[in-house]
Structure formats: C-alpha cells, structure tokens
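Note: hydrogens, waters and symmetry copies are ignored here, and every other heavy atom, side chains too, is used. None of these values were measured; they are calculated from a predicted model.
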Amino acid sequence: MTVPYQLSGDRVLRAADVDLADPAFWRLPRPERLRAFALLRELDAPVLFTPRPGTARTAGKPFHALVRHADVRTASRTPQVFASAPGVTTPEPAGWAKALFGNSMVNMDGPEHAALRRIISRRFTPRLLADVEENVGRLAGRLVDELIAERPRDFMPSAASRLPLEVICDLMGIPKAYRARIAEQIDHASEHVGVERRGRLRIPGRGLASLARMQFVMGRLARERRRHPEDDLVSALVSADIDGEALSGQQLGAFFSLLLVAGVETTRNAIAHGLFLLDRHPEQRELLRSDFDRYIGGAVDEIVRHSTPIIQFRRTVIAECALGGRTFLPGEKVALIYASANRDEAVFTHPDRFDITRSPNPHLGYGGGGPHHCLGAHLARLEMTALFRELIGRRPVMRNLGDPELVDSNFDNRVGSLPFTFGPTFT
C-alpha cells in the first residue's frame, strides 16, 4: 500500500491508504493512527503489510495485522496456533543474541515457557506480595514528599520512572549502589524502540549493549546471593527449593531484563498518561477524589485501556487456522495490535472517551489472556494506585502544564517528558 500521509484540505484517509509497515505511519499523531486502526477494523479480513525495500531488516517479514478485539484475544489464547517463538518484537531477536543473553519468557511457548513461569510465580508468596504492597505505599509517599520539596519540572524522571524502578529493585534486592547505573541502562535499552528519522524502526545494537551491562550486574548479584542468600527475590530465584527448581544465571539475567525494561517502561508510561488524562478530564479527576477507594480500580483499568502502553506484539502461525475472515497458514506472521483492540467499537461504547466508571472494561492492556498474560499486572496496579492516592490527596496538588512529549514508536506508547507544576487546588 502507498500512504499519502501528507493530507491536506478535505482529503479523506481511506483504509487503502494505511501502511503499518511504513515507518512514516508511526510518526503520525496518535489520533490519526487511532483513526487509521478504526478504518482497518471495518474491513472484512486482516490486511497483509509488506515492508518496503530498504526497510526489511528492521521491519521484518510481511505480516497480517489483527486489529479487532475478538481476533487479538483469540490469538493470545491459542498459543498452539499463534506462537511467541521465535520472537514477539520487531525485529525478532537474533539467534546469537539469545545464546549470549538467554531467551526471554515473552519469546517462549509450551513446556519451556510454563516451567520458567512456574518457577517465577511460585516465588511470589502471599507474604512477599503483602510486603511489596506496604513498600509501594511507603515509596509513593516519600516520592511525592520529595516532589513537593524539590519542585522539579519534568514528571518522567522525577516520579513516573522512579517509582517502578525503586519498587522492582527493592523486590529483587538490588543494592542502592547499582540503581543509578541500572536506570541509565534501561533508558538506553528502551530509547531505540522509537522510529528513527532515517526511516529505520529502531537500532537494536545500542539497546543490546545496555542489556549486556544490566545482565553483568545481575550475574554478579546472583553469585553473591547463591553464596549468601537474603530475603529477596533474587535469592529465591537462584536457590533451588525442594523440587530442585531454580533459575540459572542466564535465565535470571533474561528475566531481570524483561522485568526492568518491560515493568519499568510500561508502568512509567501508564502513570504519565494517567496524570495527563486526569488533568484533562477534571470531571473524572473530581469523581476519583470524591471516593478514591471506590473508583481507583476502574481508573487504573481505564488509564491502561486508553493509553495502551504496549502497542503491539507479534506471533508466528504454526498451524492452519481460520480467524477474522481469513485462513492463516504455518509460517505467516501476525501483529496483535493492542492499541486498536482497546478502541474496538464492538466492545467499548464510545471507545475514545476516558471514563473511569467504564464497566465492564475487558481491555487487553496486559495482553489478551492466555499463558503470556502479564506477570507484572498486579504490581503495576499497586504502583499506580499508591502513586495516584498520593497525587490526588495532597495539598499542594500537581497540575499538568501541557501535552506529553511522545516518542515515535511502533512498539510502545512511550512518554519522553511531561511538564508539570503545583497548584493550591484542583479547581
């Protein structure tokens, strides 16, 4: 498809104009991209997109875009047909990268994925989760105290990024001396997901170098914890229990990279979008303030639905299957477009409206269910709840000063910066 993105006058965007394989599409303002997804949802079957010559290395193979809620949900829940291996990102991870850094859980299927997920899930004991919830609340309170005292101007480094990083580092038992360096490497690993000006979707090399540095830190910490275990998640993951289950150093490094890059990035972006949405919809903000405990659960879900921190993941077809008006064959690639599924008119009434009372709200912001449902969903909800409790209830209160600076990306709805200030009241 050829995309006449430079629309002028009364020219109307058509579904035939949309090309998700063109980096230029991902530089469009987000409302225009959402409008393009709506056009694709009206078609009878998923559309095939083919990368243009010169962009194949970064854009990957031709792929069909699943844009309807029902199709994304079904594909997510049938891993025996739509496999995560060899990789869910664009481009797919190279074989040498997997050998060097270990394979991430998000790129696994079947028994291999189930075994690794079981080892990790069993370490999240009720006592651990209770301690985490208490710690999250304490961290959120301290962070907002510092915001009021120091009055920084950018919400991202001062609040949105700090809370999830501190929570995960406390959970894992990462010494404070390591944390500034880890935060720097997370930024380096994540910033190359954006669309580059010269037309490439991203530059993976520098991101891999940052992951290597993080994994070096984790390898050293894992060796320390094997010799001298402490009451933290790293010690639990590297120490075999009565069934002999533990993570190898390489597996721990891959999990840690996933937890940090995915857990920190997605939550920081959801928090930032949430602050912006509540500021731009004062009636929803005041409703949340009127009875925080009653409405915060719905508010968190609506923030995640409306912002959709992860735009898409890919799957590889491994068995013939009919879905959404098309028959898929083994070897074909599909993109699960969560950003479109979460605005599907067939599921969500007035999907572009921000409504913290929306019920039901079956959004796919944590994935579409199935074996790859986000392990960190509960933790993300805790962090957002704790921080918004502090931000909503304090005097002076925070106010957004302008639109967030979004990073052009075909992968995540990343906020580069968000200016804010303090005011005496919300009204």
Review point. When rounded to the nearest 0.5 angstrom, what distance separates CZ in R326 from CZ in F328?
Key: 5.5 Å
Review point. Stepwise, does the side-chain contact (heavy atoms from CB on, under 4.5 Å) test hold for V106 with T89?
Key: CA-CA 9 Å; V106 296; T89 55; 5.8 Å; no
Review point. Given T357 and R294, is the side-chain contact (heavy atoms from CB on, under 4.5 Å) satisfied, shown in steps?
Key: CA-CA 10 Å; T357 67; R294 176 182 178 184; over 6 Å; no
Check your understanding: Would a distance-only check, ignoring hydrogens and angles, find a side-chain to backbone donor-acceptor pair under 3.5 Å from H64 to F49?
Key -> no
Exercise for review: State whether the side chain of E332 and the backbone N or O of L329 hold a donor-acceptor pair below 3.5 Å, judged by distance alone.
Suggested key: yes
Practice item. Measure the spacing between CD1 of I311 and CG of N342 and express it to the nearest 0.5 Å. Key: 11.5 Å
Review point. Distance-only, no hydrogens or angles: does the T308 side chain make a donor-acceptor pair with backbone N or O of R305 under 3.5 Å?
Key: yes
Exercise for review: Using a 4.5 Å cut-off on heavy atoms from C-beta on, say whether the side chain of T316 contacts that of F82.
Suggested key: no
**Study point:** Polar side-chain atom of R268 near backbone of V415 as donor-acceptor pair, under 3.5 Å
**Key:** yes
Practice item. Report, as yes or no, whether the 6.0 Å neighbourhood of atom CZ on R162 holds more than 12 heavy atoms from other residues, nucleotides or ligands. Key: yes
Practice item. Answer yes or no: is there a donor N or O on one side and an acceptor on the other, between the side chain of H69 and the main chain of P362, under 3.5 Å? Key: yes
Check your understanding: When the ring centroid of F313 is compared with that of H372, is the distance short of 6.0 Å?
Key -> no
**Study point:** Side-chain donor-acceptor contact under 3.5 Å, D412 with S409
**Key:** yes
Point to revise | Closest approach of I337 to A65 (non-hydrogen atoms, all atoms of both residues) | key: CG1-CB, 4.3 Å
Check your understanding: Sub-3.5 Å donor-acceptor pair from the side chain of R30 to the main-chain atoms of S307, do we have one?
Key -> yes
Check your understanding: Any cation-pi pair here, R41 with F37, using under 6.0 Å and within 45°?
Key -> no
Point to revise | Sole residue of R315, H113, M105, R314 in side chain to side chain contact (heavy atoms under 4.5 Å, CB included) with S84 | key: R315
Review point. Is a side-chain donor or acceptor of E405 paired with a backbone partner of S417 at a separation under 3.5 angstrom?
Key: no
Review point. When you measure from the side chain of R394 to the backbone N and O of G141, does any donor-acceptor pair fall under 3.5 Å?
Key: yes
Point to revise | Where P79 and I318 come nearest, the two heavy atoms and their spacing | key: O-CD1, 3.9 Å
**Study point:** CG on L418 to CD1 on I271, rounded to 0.5 Å
**Key:** 11.5 Å
Review point. Near D291 CG, under 6.0 Å, is it more than 12 heavy atoms from other residues, nucleotides or ligands?
Key: yes
Exercise for review: Identify the heavy atoms of A319 and V81 that sit nearest to each other, and give their distance.
Suggested key: O-CG1, 3.4 Å
Check your understanding: CD1/I296 to CD1/I303 distance, rounded to the nearest 0.5 angstrom?
Key -> 6.5 Å
Check your understanding: Minimum heavy-atom separation for E390 to V144, with atom names?
Key -> CB-CG2, 3.6 Å
**Study point:** P164 to E383 - nearest heavy-atom pair and separation
**Key:** CB-OE1, 3.2 Å
Review point. Hey, is the main chain of D408 close enough, under 3.5 Å, to the side chain of R27 for a donor-acceptor pair?
Key: no
**Study point:** Spacing of OG belonging to S76 relative to CG belonging to L336, to within rounding of 0.5 Å
**Key:** 5.0 Å
Review point. Are F411 and E265 close enough, and set up right, to give a side-chain contact (heavy atoms from CB on, under 4.5 Å), and what steps lead you there?
Key: CA-CA 12 Å; F411 176 69; E265 281 297 301; over 6 Å; no
Check your understanding: Above 12 or not: heavy atoms from other molecules or residues under 6.0 Å from CZ of R280?
Key -> yes
Check your understanding: Is it true that D170 and R179 have a side-chain N and a carboxylate O under 4.0 angstrom from each other?
Key -> yes
**Study point:** Side chains of D355 and H350, donor plus acceptor under 3.5 Å
**Key:** no
Point to revise | Distance-only polar pair, side chains of T74 and D71, donor-acceptor under 3.5 Å | key: no
Review point. How are the rings of H281 and F354 set to each other: parallel, tilted or perpendicular (split at 30° and 60°)?
Key: tilted
Review point. Could you go step by step and tell me if F388 and F292 meet the side-chain contact (heavy atoms from CB on, under 4.5 Å) rule?
Key: CA-CA 9 Å; F388 282 114; F292 185 87; 4.3 Å; yes
Review point. Roughly how far apart are M156 CE and N269 CG, rounded to 0.5 Å?
Key: 5.5 Å
Practice item. Check whether more than 12 heavy atoms from other residues, nucleotides or ligands sit under 6.0 Å from atom CZ of R353, and answer yes or no. Key: no
Exercise for review: Indicate yes or no: at least one non-hydrogen side-chain atom of E166 is less than 4.5 angstrom from one of N135.
Suggested key: no
Check your understanding: Would you call Y295 and L288 a side-chain contact if the rule is heavy atoms closer than 4.5 Å?
Key -> yes
Point to revise | Flag side-chain contact, heavy atom, 4.5 Å: P46 against V67 | key: no
Practice item. Could you tell me whether a side-chain N or O of Q312 sits under 3.5 Å from a main-chain N or O of N410, the two making a donor and an acceptor? Key: yes
**Study point:** For the student: nearest non-hydrogen atoms of F348 and A341, plus distance
**Key:** CE1-O, 3.5 Å
